[in-house]
Participant: 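Let me give you the structure first, and then I'll get to my questions.
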Amino acid sequence: MDPSRICTACTLDCPDTCSLLAVREGHRLTVRGNPAHPYTQGFVCGKIHSWLRRLWAPNRIREPLLRQGDRWQPISWTAALDLCAEHLQWTLQREAIMVHLQGEAGRGVLHAACKRFFQSLDAISPAGSLCDSAGIAACETDFGSLEHNDIRELETARTIINWGKDLSRSSVHTAALVRRAKRNGAQVTTISPGGDGNRAFSDRYIRIAPDSDRFVAAAVLKRVLELDPSCRRRLEAASQGSAYLAWLEAMSWEALLGQTGCGPEELEHLARLYADGPVVSLLGWGMQRYRHGGENVRAINALAYASGQIGIPGGGSYFNIGSMRHLPLDWLYPEAPAPRQPFRWSEVGRALSRMRPEYVWIAGSNVVNQAPESKRTAEALRRSRFTVVVDGFMTDTAQCADLVLPAALMLEQSEIVGSCLHDGVQLSRQVLPPPGQARSDYSIIRALSERLRPDAPLPEEDACLTTTLQHSPSLPEQAWNVMQRQGFVIGDHPRLAFAGGKTAHFDGRFHCLPSCSPPIPCDPAYPLRFITAVRRDSVHSQIGQEEQGTPEVWLGPDSPVWKEIAPGQQARLVSPLGVLRVRCVPSRDLHPDAVLYRRGDWMSLGGGANQLIESQTTDLGGGTAYYEQRVRLEPLHDN
Ligand code: SF4
């Protein structure tokens with residue numbers, strides 16, 4: 001390979017986890033997808049190009065910064081690490097509260113090893129997630145493990161039901177497989193509250209009410225039971241299947257239909273597709289961000305299972321897979337106590353306020369921006385005795401720190417990452433030196449470990465990576481050498497999940513939800529669902545300052561808001577927690593109960609949707625029920 005061309009990988013919090021070819025010519029770096037990688041297939045999305053701009057952003061933090069009243073004082077790494085170790089020793093000696101918050105911006109083996117180090121010190125960390133844990137718990141409850149058919153199976157599907165996955169903004173490789181399936185003759189139907197870019201991928205688009213996925217799935221299953229006699233048999237064989245059957249029989253078709261926001265003909269269309277099969281159910285991640293998010297996923301799994309779509313080619317229910325399933329880390333600090341997780345990510349601000357920790361270490365997370373109740377989280381961090389934030393930018397979270405450590409970012413450090421979409425394991429090689437004195441998370445924690453645990457410091461970086469590969473039962477013996485050569489290896493895993501409908505539960509049965517809960521009534525003072533969805537060109541809050549301004553919200557053509565506010569006008573977006581000034585933009589098809597916001601912009605730059613969102617937790621998995629938030633829009637009189 002040309003020496004200026006380096007095989008590396010994308011570690012952004014994206015399911016595709018692409019293998020990349022990076023070419024460096026002087027100060028210019030270009031990146032493209034690795035054509036040899038069976039899932040990346042030579043192309044990448046636009047997020048990586050925005051990322052490259054971030055690497056050279058003039059506002060990167062280049063040296064450790066210590067808070068001195070209202071200003072930041074640059075200090076040396078030695079002084080910074082000594083200070084971190086000194087405060088940490090003080091906390092450990094007093095058995096005071098130490099919290100470690102590591103987010104999904106730090107993915108892979110070395111980042112997981114950093115978590116393991118803090119676990120070995122008995123630090124507190126949150127349970128659940130800010131992302132997908134309700135859906136994960138739902139799939140594990142139903143199937144006994146987190147699996148789906150190999151994603152390449154999509155290509156040969158005959159019918160794909162896309163339950164709200166925005167293929168124009170998330171997972172370009174899933175989108176490409178759906179496109180290819182369509183070219184091969186597959187019919188694609190999207191079910192969504194609208195406001196996404198799925199029409200271009202769909203033969204049919206069914207708009208539903210927000211948080212009604214479980215009722216759509218239940219209504220469709222009720223009809224499939226009439227169309228296909230084997231459906232009843234399967235449901236009766238499932239654990240709790242008879243209870244769900246009884247609930248379905250007790251519910252009238254009209255009552256179920258009334259919850260969905262769609263028409264009887266649309267449900268009939270879906271029922272016939274599931275009854276005829278095979279059908280792929282492609283699950284988006286928005287449906288599990290409601291209080292009943294776990295149930296939304298479980299009801300779709302029940303429909304897929306009972307209609308005979310599980311464990312067959314051309315079928316399957318696709319939520320995600322575990323990105324660390326080929327990368328075991330239990331060899332590291334085997335004596336570490338079980339994780340101490342007395343609170344969940346969904347309530348991090350409230351928990352920090354209540355617990356008043358002495359020491360907080362934050363890496364790979366702009367938690368103030370990303371978790372609900374931003375202002376409460378910020379205040380709690382400022383009140384902690386010592387808060388360290390490792391980041392490349394002065395984010396909403398870094399501004400609350402006592403000490404900010406400059407982080408090396410993706411392509412400036414090495415890592416090994418798995419994917420939550422496919423079985424590839426990728427080597428993300430360092431391509432560029434980090435700017436100024438920035439260092440990788442791992443090298444920072446390793447230096448800290450040498451000060452705190454001279455008996456058992458973290459191993460050298462390469463040793464940590466190679467030992468993890470050696471402990472993996474599903475990777476080839478020479479995985480490290482293969483990765484050095486081609487940038488990735490493919491983990492061994494069956495192509496079909498739950499073949500023949502046999503699940504991973506001890507009894508091999510599908511474990512069915514017993515019923516669906518009614519929607520949570522809304523306060524009439526806040527009639528709109530606040531949907532904070534992903535962006536096309538960036539992940540989380542990794543957005544350039546120059547790309548931010550007055551936040552925009554989208555409203556559907558039949559939204560009642562248009563009676564008071566004209567398209568393009570600014571308005572007050574109000575929740576019980578506060579107010580944000582926004583500009584109202586028409587959406588072609590968003591449901592009238594919803595207002596859509598593209599999340600991630602910074603509170604310090606006039607954005608920050610999470611300052612309006614109250615802490616609420618999902619029914620399963622300790623997920624964050626962001627979409628349960630209700631808001632209203634009020635006209636502004638100074639437009
Ligand atoms: S963001 Fe996702 S699709 Fe884009 S390059 Fe990274 S892994 Fe690939």
Side-chain angles (χ1 to χ4, degrees), residues 5-23 29-55 103-109 111 131-132 151-152 154 165-180 196-197 201 282 284-285 318 320-324 326-327 364 366 370 392 409-432 483 486-491 533-544 547 598-600:
R5 204 169 72 155
I6 301 174
C7 194
T8 181
C10 180
T11 64
L12 296 183
D13 188 15
C14 163
D16 297 33
T17 318
C18 294
S19 177
L20 306 174
L21 297 180
V23 180
L29 180 70
T30 52
V31 166
R32 64 186 179 91
N34 183 354
H37 190 281
Y39 298 93
T40 303
Q41 299 200 341
F43 65 94
V44 290
C45 77
K47 294 183 180 98
I48 190 80
H49 302 300
S50 319
W51 180 262
L52 294 182
R53 286 197 296 278
R54 267 170 76 74
L55 292 178
E104 297 302 320
R107 294 178 59 230
V109 169
H111 286 91
C131 184
D132 52 3
I151 194 71
R152 290 171 296 184
L154 280 188
K165 191 173 196 66
D166 189 347
L167 295 171
S168 71
R169 291 184 176 82
S170 161
S171 188
V172 285
H173 295 89
T174 305
L177 289 165
V178 170
R179 259 202 217 99
R180 238 174 274 161
D196 54 33
F201 295 87
L282 195 58
W285 292 351
Y318 290 78
N320 66 12
I321 59 175
S323 64
M324 293 294 283
H326 300 295
L327 298 166
N366 184 1
Q370 295 289 295
L409 303 179
M410 177 178 84
L411 304 179
E412 297 168 349
Q413 58 185 325
S414 292
E415 183 52 287
I416 286 180
V417 268
S419 161
C420 62
L421 180 74
H422 58 72
D423 283 304
V425 174
Q426 291 64 230
L427 174 60
S428 178
R429 271 210 197 87
Q430 181 179 355
V431 174
L432 300 166
M483 282 179 135
Q486 64 177 26
F488 64 90
V489 284
I490 304 299
V534 294
R535 290 171 179 249
R536 196 189 312 271
D537 296 323
S538 55
V539 179
H540 301 318
S541 61
Q542 296 159 356
I543 310 169
E547 293 158 49
R598 295 277 163 208
R599 64 182 184 248

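One-based numbering, in listed order, for ligands and for the atoms of each. The structure presented is a predicted model; accordingly, all values stated were derived computationally and were not measured.
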Participant: Is ligand 1 under 4.0 Å from a heavy atom in the side chain of C45, in the backbone, in both, or in neither?
Facilitator: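 Looking at C45 and ligand 1, atoms from backbone and side chain both fall under 4.0 Å.
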Participant: Can you measure from SG (C10) to CG (D16) and round to the nearest 0.5 angstrom?
Facilitator: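 Here the interatomic distance stands at 8.5 Å.
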Participant: Within this structure, what is the OG-CG distance for the pair S323 and D132, rounded to the nearest 0.5 Å?
Facilitator: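 The OG atom of S323 sits 8.5 Å away from the CG atom of D132.
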Participant: Hey, do the aromatic rings of H173 and H37 have their centres closer than 6.0 Å?
Facilitator: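 Ring-ring flag for H173/H37: false, centres at least 6.0 Å apart.
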Participant: Looking at atom 6 (Fe) of ligand 1, what's its closest protein heavy atom, distance included?
Facilitator: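 Heavy-atom neighbour on the protein nearest atom 6 (Fe) of ligand 1: C10 SG, 2.3 Å.
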Participant: For ligand 1, which atoms have a heavy atom of V44 less than 4.0 angstrom away?
Facilitator: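 Taking each heavy atom of V44 in turn, ligand 1 has 5 (S) under 4.0 Å.
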Participant: Give the atom numbers and elements of ligand 1 that come within less than 4.0 Å of a heavy atom of V172.
Facilitator: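 Near V172, meaning under 4.0 Å from one of its heavy atoms, ligand 1 has 3 (S).
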Participant: If I take atom SG from residue C420 and atom CG from residue D13, how far apart are they, to the nearest 0.5 angstrom?
Facilitator: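 The SG atom of C420 sits 7.5 Å away from the CG atom of D13.
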Participant: Hey, could you give me the CG/CG distance between L421 and N320, rounded to the nearest 0.5 Å?
Facilitator: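 Taking CG in L421 and CG in N320, the distance rounds to 9.0 Å.
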Participant: Determine whether the side chain, the backbone, both or neither of T17 has a heavy atom under 4.0 Å from any heavy atom of ligand 1.
Facilitator: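 Answer for T17: backbone.
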Participant: Short list, please: which atoms of ligand 1 are under 4.0 Å from a heavy atom of C14?
Facilitator: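 Those atoms are 1 (S), 2 (Fe), 3 (S), 7 (S).
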Participant: Does C18 bring an N, O or S atom to within less than 2.8 Å of atom 4 (Fe) of ligand 1?
Facilitator: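 Here the distance criterion (N, O or S atom, under 2.8 Å) is not met by C18, so no.
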Participant: Which distance, rounded to the nearest 0.5 Å, do you find between the OG of S19 and the CE of M483?
Facilitator: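 Here the interatomic distance stands at 9.5 Å.
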